[in-house]
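Reading through the structure tokens given below for one structure.
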Amino acid sequence: MEEKYDPKQIEPKWQDRWEKENLFKAHVDKAKKKYYLMEMFPYPSGNIHMGHVRNYTIGDVVARYKKMQGLNVLHPMGWDAFGMPAENAAISNNTHPAKWTYNNIATMRAQLKKLGFSYEWDREIATCKPEYYKWEQWLFIKMFEKGMAYRKKAFVNWCDTCTTVLANEQVEADACWRCGQPVRQKELDQWFFKITDYADDLLVHCDKLGGWPEKVTTMQKNWIGKSVGAEVDFKMDQSDEVIRVFTTRPDTLFGSTFMCLAPEHPLVLKLSSGKIQEKAVKAFVEKISTQDRTSKSIENYEKEGVFTGAYSINPMTGKKIPVYAANFILMEYGTGAVMSVPAHDQRDFDFAKKYGLEIKVVVNTEKGGLDAETMTEAYAGEGIMVNSGQFDGMKSNVALEAITDFLEEKNIGKKAVTFRLKDWGISRQRYWGAPIPMIHCKTCGVVPVPMESLPVVLPEDAELLSSGGSPLPHLDFFKKVTCPKCGNPDARRDTDTMDTFVESSWYFERYCSPGCGTGMFEKEDVDYWMPVDQYIGGVEHAILHLLYSRYFTRVLKDIGLVDFKEPFTRLLTQGMVNKETLKCATHGYLFPDEAERKGDAASCKKCGKDVEIGRVIKMSKSKKNVVDPNVLLEQYGADTTRLFCLFAAPPEKGLDWSDEGVEGSFRFLNRVWRIALSCIDLTKGIPPYKGDAGKLSGANRELFRKMHQTIQKVTTDIEERFHFNTVISAAMELVNQMYTFDLEKKDPERDSVLKGALETVVLLLSPIVPHFSDEIWEKMGNTESILLTQWPVYDENALVVDEVLIVVQVNGKLRGRFTINSDADDNTIKERALADELVQKFIADKPLKKVIVIKNKLVNIVV
RNA sequence: GCCGGAGUGGUGAAAUUGGUAAACGCAGUGGACUCAAAAUCCACCGGCUUCACGGCCUUGUCGGUUCAAUUCCGACCUCCGGUACCA
């Protein structure tokens, strides 16, 4: 009776063995080439989901592959353990965020272990532990001392009923998600990191990140958004005030017929004060202050503004122009004021049409013909200057420089650069985060907590408020402190916590010395391991997390803690794991097992009503379109789960979940298992064929060639593209070819070739299905884990083919094919192609125009 | 809205540098084995057309470049991700 493939028995066996043998332990070894591989650590939300399985499987394959290539591999794992869901769970289940988080970590760690990932668990970190955030607080104080962390006022979403701040996610249709109260914008003092100091450097280095997907660096470049232009001072009519505007188009200055200020601009209320417009302006500012002012919504609002009653003077024309406050101007960007040129900017054009303001053409097209009266849209292109005094007739790109120089000469303007990137606001009015290590004293102002008093420990015995607000401001034992500078006993501790993106901006360095008690990390560890050679994670992090990490690394470099600027040499952004959603009219979103599927329709198991089968979107708990990896592990085991995740799609693409494919992956492993067992029996004592390919013949030679082709394909597909789906296809083809042999017939030559093919299949699959491979490897008589075996190398000579297939096209259409010796010259190939019967039929008596011969591939005959 | 990406058979996908569109799977159909079933093995499997050889069409839509376009260029449509307090 043949032994069946039983993952339930094999997988725990190998997981134990790997752990006992310390197979994944990494040590600094300067004699060896290092490879630091890291996947984005998970937020401990409760259970591992398919997105994690996919991400970590990709990483594990690379880790194991690099190890087999002989590199010193560091492959750590940890927990992004602070964050809002812990607080929400605490409120709804009455459990403490800490308890909830640590329970989730325990569950998820066990799940990751069951998947057989090659993590070095000794390096595990959890960002909610004081020994981790202590060093974050330490860095915060360093940054404060350098002026890199500073305070300014900023708006937050505020719910008056719950008296709490709401995250953008907690705002649904401009109202609080808990109570439905309309959300108001409230201004608070908050901490900011000066990422804008590094805007240019972050931008310039985008082009040097050769190992990053171009789409990610493009998105980062656009996010940073450098604009070159000029700042221009506009004097006010009848007052000494000056309004400074930023423009990227100083060439259009003569065409500026009005001006717009951000509603928050300090001059808005001042200018209208005492005028008949005062009331309307106040109402407008008030209205805007209730609106969400994020870049997402701002472009969606209908352009709206109000006249302040004041005029400024266009410095070129000397004409009075009205000053408006407008909802599409952002205070954070540029100077919070723009000169409006309706003829050459679409937003200004729309605004001018709406409020009946003058439109003046100052840049005409080469052909001329722009007319302010008849224009239906702004002309934003380059052209020839008109209506612009001494600059008339110049090309607009030349005038841009000339006018800027003119402004500098007259001292009313200068060249200026503006970035779209804003400073990073890190204050969160929340409980479950790292406390900001600052103290507010009435006499000394803002004072850092002394370094020796760190960490400022987040009090774990706090009770969460049902409104969702942070309990920290209500905890006197936490809040009340003595000022470390003057001894004033009435000082107040900062009760805000840090944005969780702060923790994830340096965890990759912490992995290098996870237990370090004297600093963020040991320099020699970081010097050896960093930068990360390969980072793998979801595309959704393409901007924020990755940009913040790049910024933090620069800060660490400037403090002298590290010697490099860029933390991640190569980046792989995997696509999301998606699934259709199911929604019942009465019961809302349903889990897959709460609905009865009937072909294209489905009904709710609770009420029997029809269920709406929704769009295929990113798997998420709130939409309940999830697949529980536990179920797959239970039914098929880790290897099948891993195999399917990789086979279904290339990593960078989205993966739309289907249950059917999993079965096929399991079937494939069984197919390999069966041929392995019969080969092992058949080839006992026979060494794998290692000789000259030319000495083999027929099917044996074909298999030998296929084996080397497969090694080549698999190696380049992993090395260059991480396309594991084609890696698996290639392995399947090799296995299929092994199945064409009749093992009943005796053939010692075949047996040794077959043995080599089996060894190859198992080695090539081992990073993907490690338990399975180690088990077969052991059955083949090996005593060491397959992970410690060298990755196979292909033999160039074995790839040589004698005959190639040539296809023949007539006018680009496929008409015939033939095989020919692979070293035949172009002329021979051409003759053969023209002689082909079918080809002749299509050429008929038409004259030949051209014949294109592509060696070893194709002939195209043009008639 | 803005920025980035994707779209190929019934279905997941492949085609790496512009050179045979659909490799390898899933689902399906037929056959072998079996008392029977499961499992397994073998064969077929884009559409229309043809007794057949074959022909015509087909990579979201429309147009362009080229001897040749899934691949390059332009316009558009749909979907997905990000949009600064979800992580």
Side-chain angles (χ1 to χ4, degrees), chain A residues 40 42-43 45 80 82-85 88 156-157 165-171 213-216 218-223 225 294-301 328 332 420-430 499-501 504 538-545 547-548 573 575-576 578 615-618 620 622 644 647-650 652-665 667-668 670-671 674 713 716-717 720-721 723 725-726 728-733 736 739 805-814 817 838 841 849-852 854 857-863:
Chain A
M40 290 180 184
Y43 177 78
S45 56
D80 189 10
F82 273 138
M84 219 173 38
N88 294 333
V156 291
N157 301 312
V165 174
L166 298 176
N168 290 340
E169 195 192 41
Q170 300 174 316
V171 179
E214 208 179 288
K215 61 171 175 176
V216 175
T218 310
M219 277 191 264
Q220 292 213 350
K221 281 193 245 176
N222 291 335
W223 184 258
T294 58
S295 51
K296 175 168 30 178
S297 9
I298 213 119
E299 300 283 341
N300 284 330
Y301 293 133
F328 60 93
E332 292 103 342
R420 207 187 73 97
L421 181 70
K422 296 185 286 190
D423 275 341
W424 176 12
I426 59 126
S427 294
R428 297 289 180 272
Q429 296 71 37
R430 282 184 220 300
D499 178 7
T500 57
F501 274 125
S504 54
V539 248
E540 64 271 28
H541 293 290
I543 299 177
L544 293 180
H545 161 60
L547 192 66
Y548 292 149
T573 51
M576 319 268 162
N578 308 312
R615 288 205 312 262
V616 177
I617 51 170
K618 176 181 166 180
S620 80
S622 57
F644 176 70
F647 186 53
E652 71 278 5
K653 270 186 103 171
L655 193 162
D656 296 343
W657 190 262
S658 87
D659 293 316
E660 288 84 10
V662 185
E663 189 69 41
S665 295
R667 214 152 37 207
F668 171 65
N670 277 288
R671 196 167 150 85
R674 282 191 305 272
K713 176 158 179 62
T716 55
D717 278 358
E720 288 164 25
R721 311 197 300 164
H723 274 206
N725 55 334
T726 55
I728 294 162
S729 299
M732 284 172 167
E733 285 185 44
N736 287 348
Y739 263 90
L805 179 75
I806 305 283
V807 296
V808 189
Q809 298 178 330
V810 178
N811 285 344
K813 289 205 173 192
L814 182 67
R817 61 190 70 198
L838 252 166
K841 213 173 98 190
K849 270 196 198 151
K850 205 174 181 183
V851 179
I852 293 138
I854 308 290
K857 278 229 168 98
L858 129 169
V859 179
N860 190 8
I861 299 159
V862 188
V863 294

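Quick note: numbers below take in every heavy atom, side chains included, and nothing from hydrogens, waters or symmetry partners.
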Tell me, please, which residues at least two apart from [X] pass side-chain contact (heavy atoms from CB on, under 4.5 Å).
X: Met732(A); result: Phe647(A), Phe668(A), Ile728(A)
X: Gln429(A); result: Val156(A), Val165(A), Leu188(A), Gln190(A), Ser427(A), Asp496(A)
X: Ala730(A); result: Thr710(A), Lys713(A), Val714(A)
X: Arg817(A); result: Leu805(A), Val807(A), Leu814(A)

With a 4.0 Å cut-off on heavy atoms, is [X] in touch with a base, just the backbone sugar-phosphate, or nothing at all?
X: Met576(A); result: sugar-phosphate
X: Val156(A); result: base
X: His545(A); result: nothing
X: Ser427(A); result: base
X: Phe668(A); result: nothing
X: Val216(A); result: nothing

Original post:
Met732(A) or Ile854(A): which one's nearest nucleotide on RNA chain B is closer to the 5' end?
Top reply: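 Between the two, 5'-proximity favours Ile854(A).
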
Polar-atom pairs under 3.5 Å, protein N or O versus N or O of nucleotides 11-14 of chain B: list them with distances, or write none.
residue : atom : partner   : partner atom : Å
G12(B)  : O2'  : Ala648(A) : O            : 2.5
A13(B)  : O3'  : Asn725(A) : ND2          : 3.3
A14(B)  : OP1  : Asn725(A) : ND2          : 2.8

[N] and [M]: how far apart are their [atom1] atoms, nearest whole angstrom?
N: C26(B); M: G18(B); atom1: C1'; value: 31 Å
N: G28(B); M: G9(B); atom1: C1'; value: 13 Å
N: A68(B); M: C72(B); atom1: C1'; value: 13 Å
N: U16(B); M: A27(B); atom1: P; value: 28 Å
N: G82(B); M: A43(B); atom1: P; value: 46 Å
N: G74(B); M: C85(B); atom1: C1'; value: 41 Å
N: A23(B); M: G46(B); atom1: C1'; value: 15 Å
N: C24(B); M: A15(B); atom1: C1'; value: 12 Å

Listed pairs, N/O of protein and of nucleotides 66-69 of chain B, under 3.5 Å:
residue : atom : partner   : partner atom : Å
C67(B)  : O2'  : Asn860(A) : ND2          : 3.4
C67(B)  : O2   : Asn860(A) : ND2          : 2.6

Subject >> Residues Arg671(A) and Asn736(A): side-chain donor-acceptor under 3.5 angstrom >> reply: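 Indeed, the side chains of Arg671(A) and Asn736(A) share at least one donor-acceptor pair under 3.5 Å.
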
For atom [atom1] of [X] and atom [atom2] of [N], their distance in whole Å:
X: Leu814(A); N: C57(B); atom1: CG; atom2: P; value: 13 Å
X: Glu733(A); N: A15(B); atom1: CD; atom2: C1'; value: 12 Å
X: Asn168(A); N: A84(B); atom1: CG; atom2: C1'; value: 8 Å
X: Met219(A); N: G4(B); atom1: CE; atom2: C1'; value: 4 Å
X: Trp424(A); N: A87(B); atom1: CH2; atom2: P; value: 12 Å
X: Arg428(A); N: A87(B); atom1: CZ; atom2: C1'; value: 12 Å
X: Glu169(A); N: G81(B); atom1: CD; atom2: P; value: 14 Å
X: Glu652(A); N: G7(B); atom1: CD; atom2: P; value: 10 Å

Original post:
Measuring from Gln220(A):CD to Ile543(A):CD1, what's the distance to the nearest 0.5 Å?
Top reply: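 It is 7.0 Å, given to the nearest 0.5 Å.
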
Subject >> Spatial distance of atom CG (Asp80(A)) from atom OG1 (Thr500(A)) [nearest 0.5 Å] >> reply: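 If I round to the nearest 0.5 Å, the distance is 5.5 Å.
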
Original post:
With sequence neighbours left out, what residues match His541(A) under ring pair (Phe, Tyr, Trp, His ring centres under 6.0 Å)?
Top reply: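 So His541(A) forms a ring pair (Phe, Tyr, Trp, His ring centres under 6.0 Å) with His545(A).
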
**OP:** Taking ring pair (Phe, Tyr, Trp, His ring centres under 6.0 Å) as the test, write out the residues that go with Tyr43(A), two or more places apart.
**Re:**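 For Tyr43(A) there are no ring pair (Phe, Tyr, Trp, His ring centres under 6.0 Å) partners, ignoring immediate neighbours.
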
Report yes if the side chains of [X] and [Y] come closer than 4.5 Å at any heavy-atom pair, otherwise no.
X: Ile861(A); Y: Val808(A); answer: yes
X: Arg430(A); Y: Phe82(A); answer: no
X: Ile852(A); Y: Val859(A); answer: no
X: Gln170(A); Y: Asn88(A); answer: yes
X: Ile426(A); Y: Phe501(A); answer: no

Subject >> Distance-minimising heavy-atom pair for Thr573(A) and Pro213(A) >> reply: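 Closest heavy-atom pair between Thr573(A) and Pro213(A): OG1-CG, 3.8 Å.
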
**OP:** Please determine if a side-chain N or O atom of Lys813(A) lies less than 4.0 Å away from the OP1 or OP2 oxygen of C57(B).
**Re:**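 Checking C57(B) against Lys813(A), a side-chain N or O does come within under 4.0 Å of OP1 or OP2.
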
Original post:
Does a distance-only test, which skips hydrogens and angles, find a donor-acceptor pair under 3.5 Å between the side chain of Gln429(A) and the base of C85(B)?
Top reply: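 Pair found.
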
Original post:
When you check the glycosidic angle of G64(B), does it come out syn, meaning within 90° of 0, or anti?
Top reply: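 This nucleotide is in anti.
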
Is the backbone of [Y] close enough, under 3.5 Å, to the side chain of [X] for a donor and an acceptor to pair up by distance?
X: Tyr548(A); Y: Ser504(A); answer: no
X: Asn811(A); Y: Val863(A); answer: yes
X: Arg420(A); Y: Trp223(A); answer: yes

**OP:** Identify which nucleotide among G81(B), C3(B), A84(B) has an atom closest to any side-chain atom of Glu540(A), counting heavy atoms from C-beta outward.
**Re:**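 It is G81(B).
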
Subject >> Selection from G55(B), U16(B), A84(B) that lies nearest to any side-chain heavy atom of Arg420(A) >> reply: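 Looking only at heavy atoms from C-beta outward on Arg420(A), the closest nucleotide is A84(B).
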
Original post:
Can you list the stems that include RNA chain B, where a stem is three or more consecutive Watson-Crick or G-U pairs with distances under 3.5 Å?
Top reply: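 Ordered by first number, the stems with RNA chain B (at least 3 consecutive pairs each) read B:1-7 with B:77-83, B:10-12 with B:24-26, B:28-32 with B:40-44, B:46-49 with B:54-57, B:60-64 with B:72-76.
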
Under 3.5 Å, which protein N or O atoms sit close to an N or O of nucleotides 29-31 of chain B? Give each pair with its distance.
none

**OP:** Name all residues meeting the side chain to side chain donor-acceptor pair (under 3.5 Å) criterion together with Thr726(A); count only those two or more places apart in sequence or in a different chain, and write none if there are none.
**Re:**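 Thr726(A) satisfies side chain to side chain donor-acceptor pair (under 3.5 Å) with Asp717(A) only.
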
Between the protein and nucleotides 38-46 of chain B, list every N/O to N/O distance that falls short of 3.5 Å.
residue : atom : partner   : partner atom : Å
U40(B)  : O3'  : Arg674(A) : NH2          : 3.1
C41(B)  : OP1  : Arg671(A) : NH1          : 2.5
C41(B)  : OP1  : Arg674(A) : NH2          : 3.4

